[in-house]
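Read through the structure below, which is laid out as structure tokens, and then see the notes.
In what follows, every chain begins at residue 1, and chains take the letters A, B, ... in the order their sequences are listed.
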Amino acid sequence: MKIKYNLLHEEINSRARLGTIETNYGTFDTPMFMPVGTKATVKTMTPEELYECKAGIILSNTYHLWLRPGPDLIKKAGGLHKFMNYNGPILTDSGGFQVFSLAKPKDITEEGVHFKSHIDGSNLFLTPELSIEIQNKLDSDIAMSFDECPPYPVTHDYMKRSIERTLRWAERGKRVHNNENQSLFGIVQGGEFPDLRMESAIETAKLEFDGYSVGGVSVGEDKETKYKMIEYATKYMPRDKVRYLMGVGEPIDIIEGTIRGIDLFDCVLSTRIARHGNAFTRRGKINLKNLKYREDFAPIEEECDCYSCKNYTKAYIRHLITSDETLGGRLLSIHNTRFLIKLTEDLRMAIKEDGLIKYREEFISKYNGDKTNE
RNA sequence: GGAGAGAUAGCGAAGAGGCUAAACGCGGCAGACUGUAAAUCUGCUCCCAUUGGGUUCGAUGGUUCGAAACCAUCUCUCUCCA
């Protein structure tokens, strides 16, 4: 079956929504943070650790799995869930972000996008149809349309042509999509231009996708601009369908996104900064490599319910990180992932009580507050 | 006892008259990271200040306009032979 989004409550003081998403691999609440597992693994984390972090859904990537190990092998394995032993819902990105991170402007054509493989340099050509075909084989629960994720800034003229092409790509992808157990999402682009975000949202909705996302965010713009982008897009996105903000992110961005009506988030930060020695905390991000944690025998956060905080000290994790031991990045990935998911739990609680604006004020003042008394 | 080789920043190691406060690596200290070409990348790492200044290359003395580099003596290390 396709996913089913149930809108349970809309906050009085903001545009935040409380909902659930039913999938073939279980039902989860929204807003929700999705850990990123690009290459069929959330880096350093086992599925059991993801369940323990209460991840509702995870994300994987078409582009990377296309190159290695290839969609046919994953199909042979019985699909992505079986292949990676993950029994929760999985969303696959289309490769659209790799248009941003890997392709050059001249490589983008109406037909599709030319890539040079980051693995062996070979020439690749990804089209909207191919992206969907690959995702059909991967058998994720949610597939994403193949879009162009333009950098920031580009001209209004470029962006207009880009959203129109992304729209044509969405249509082309939808036409070849043929997996009854997989839902397909459209992507709203348009940069910081209100008229283009509106046009993109309205036209994409006309194609009647199973859900919609906001793309082209966190590509170099400042915070104010980012929140406007989200606002401009969600304003015109269907009320009765899931809204997914792609590639975001930071705790405060998740709160700001939620306030603007976003239900789903994904971001590499939780695991990437973990491998780089950083941890999210209610009092802001901390760098465990810092000398001041050398003899700090307290957990990252006293009040955190994650496996790492219940069992390990900052001093030990610092030792692991500075010694280049993988367990350090793993323990921090567990903490950071749990941190963002717990944040969405708190947001849901606040939405239920129509107290999200107040929650934001309290969170931000603590997060950005004076850290000298730690 | 004899014959060689060597001593350079926290460590390893380049440098063989001026372009050298001294490459590079490690270690150390910070920073960045938002649909993962990322267990990666960037900066700093003799002392003091903002430009700039002050002390350095085992020690001492010398040659030279100028020495980490050349010479002498000394100290210490290593290798080989007895």
NZ/NE/NH1/NH2 to OD/OE distance under 4.0 Å, E49(A) and R330(A)
yes

When the P atoms of C11(B) and C46(B) are compared, how many Å lie between them, rounded to an integer?
13 Å

Please assess D222(A) against K226(A) for the test salt bridge (Lys or Arg N to Asp or Glu O under 4.0 Å), listing each intermediate value before the final yes or no.
CA-CA 6 Å; D222(A) 56 71; K226(A) 174 181 348 206; over 6 Å; no

Suppose you measure atom C1' in G18(B) against the same atom in G58(B); what distance do you get, rounded to whole Å?
24 Å

Hey, does L245(A) reach any base, or is it just sugar-phosphate, or nothing, if we go heavy atoms under 4.0 Å?
nothing

State, without any angle test, whether S162(A) and E148(A) hold a side-chain donor-acceptor pair at a distance under 3.5 Å.
yes

Find the partner of A13(B): check Watson-Crick (N1-N3 plus N6-O4 or O6-N4) and G-U wobble (N1-O2, O6-N3) distances, both under 3.5 Å, and reply none if neither fits.
none

Across the strands shown, which category fits Q189(A) at heavy-atom distances under 4.0 angstrom: base, sugar-phosphate, nothing?
base

Given that both distances must come in under 3.5 Å, which nucleotide forms a Watson-Crick or G-U wobble pair with A59(B)?
U73(B)

Return yes if the base of U36(B) and the side-chain atoms of T271(A) contain a donor-acceptor N/O pair under 3.5 Å, otherwise no.
yes

Any donor-acceptor pair, under 3.5 Å, between the side chain of K226(A) and the base of U34(B), if you only look at N and O atoms?
yes

When rounded to whole Å, the OH to C1' distance for the pair Y152(A) and U34(B) reads 16 Å

Can you find a side chain N or O atom of R318(A) that sits less than 4.0 Å from OP1 or OP2 on C29(B)?
yes

Measuring only the C1' atom in each nucleotide, how far is A37(B) from U20(B)? A whole number of Å is fine.
39 Å

Given the C1' atoms of G10(B) and C57(B), what is the spacing between them in whole Å?
15 Å

With a 3.5 Å distance limit and no angle check, can you tell me whether N336(A) reaches the backbone of S270(A) through a side-chain donor-acceptor pair?
yes

Should the pair R260(A)-E256(A) be classified as a salt bridge under the 4.0 Å nitrogen-to-oxygen rule?
yes

Does the gap between the ring centers of Y232(A) and Y227(A) come in under 6.0 Å?
no

What's the closest nucleotide to the K289(A) side chain, out of G35(B), G31(B), U34(B)?
G31(B)

May I ask you to say what K116(A) touches in the nucleic acid, namely base, sugar-phosphate or nothing, with a heavy-atom cut-off under 4.0 Å?
nothing

Report which part of the nucleic acid D266(A) touches: base, sugar-phosphate, or nothing (heavy-atom distance under 4.0 Å, all strands).
sugar-phosphate

For nucleotides U8(B) and A67(B), find the distance between their C1' atoms and express it as a whole number of Å.
14 Å

Across every strand shown, the nucleotide meeting Watson-Crick or G-U wobble geometry with G27(B) (both distances under 3.5 Å) is U45(B)

When you compare G6(B) with A72(B), how far apart are their P atoms, in angstrom units rounded to a whole number?
14 Å

Given G35(B), U36(B), C33(B), identify the nucleotide with an atom nearest to the side chain of Q98(A).
U36(B)

So what does L102(A) touch, heavy atoms closer than 4.0 Å: a base, only the sugar-phosphate, or nothing?
base

Pairing partner of U40(B) (Watson-Crick or G-U wobble, both distances under 3.5 Å):
A32(B)

Partner nucleotide, any strand, of C80(B) [Watson-Crick/G-U, under 3.5 Å]:
G2(B)

W66(A) CH2 to A37(B) C1': how many Å, rounded?
15 Å

Tell me: CD1 of I273(A) to P of U34(B), nearest whole Å?
11 Å

Across all strands, who's sitting opposite U51(B) as a Watson-Crick or G-U wobble pair, both distances under 3.5 Å?
none

D253(A) side chain, from C-beta outward: closest of U34(B), G35(B), A38(B):
U34(B)

Which nucleotide in the set C33(B), G31(B), G35(B) lies at the smallest distance from any side-chain heavy atom of N290(A)?
G31(B)

With 3.5 Å as the limit, what N/O pairs link the protein to nucleotides 24-26 of chain B?
none

To the nearest angstrom, the OH-P distance between Y244(A) and U34(B) comes to 14 Å

Looking at N287(A), I'd like to know whether one of its side-chain N or O atoms comes within less than 4.0 Å of OP1 or OP2 on G31(B).
yes

So, Y25(A) versus Y86(A): side-chain donor-acceptor pair below 3.5 Å or not?
no

Between C33(B), G35(B), U34(B), which one does the side chain of V36(A) approach most closely?
G35(B)

R165(A) side chain vs D147(A) backbone, donor-acceptor pair below 3.5 Å
no

Donor on one side chain, acceptor on other, D120(A) and S122(A), under 3.5 Å:
yes

Interatomic distance where NE2 belongs to H64(A) and C1' belongs to G35(B) [whole Å]
10 Å

Which of A37(B), G35(B), A32(B) is nearest the side chain of K285(A)? It is A32(B)

Considering only the C1' atoms, how many Å lie between G53(B) and G61(B), rounded to the nearest integer?
28 Å

Closest to the K43(A) side chain: G35(B), A37(B), A39(B)?
A39(B)

Integer angstrom distance from the C1' of C71(B) to that of C41(B):
49 Å

Does A39(B) have OP1 or OP2 under 4.0 Å away from a side-chain N or O of T326(A)?
no

Can you tell me if the side-chain N/O atoms of S218(A) get under 4.0 Å from OP1 or OP2 in U34(B)?
no

Any donor-acceptor N or O pair under 3.5 Å, side chains H177(A), Q135(A)
no

Go nucleotide by nucleotide along RNA chain B from the 5' end; which of G216(A) and L291(A) gets its closest nucleotide reached first?
L291(A)

Within the side chain of N136(A), is there an N or O that forms a donor-acceptor pair under 3.5 Å with the backbone of N178(A)?
yes

Return yes if the base of G35(B) and the side-chain atoms of D147(A) contain a donor-acceptor N/O pair under 3.5 Å, otherwise no.
yes

Please give, in whole Å, the distance from A39(B) P to I317(A) CD1?
19 Å

Length of the line joining I286(A):CD1 and C33(B):P, which is rounded to integer Å
17 Å

Side-chain N,O (R275(A)) to OP1/OP2 (U40(B)) below 4.0 Å
no

Side-chain donor-acceptor pair under 3.5 Å between K116(A) and N123(A), yes or no?
yes

Ranking C33(B), A37(B), G35(B) by distance to the side chain of N278(A), first place goes to C33(B)

Once you round it to whole Å, what is the distance between P of U34(B) and CE of M34(A)?
17 Å

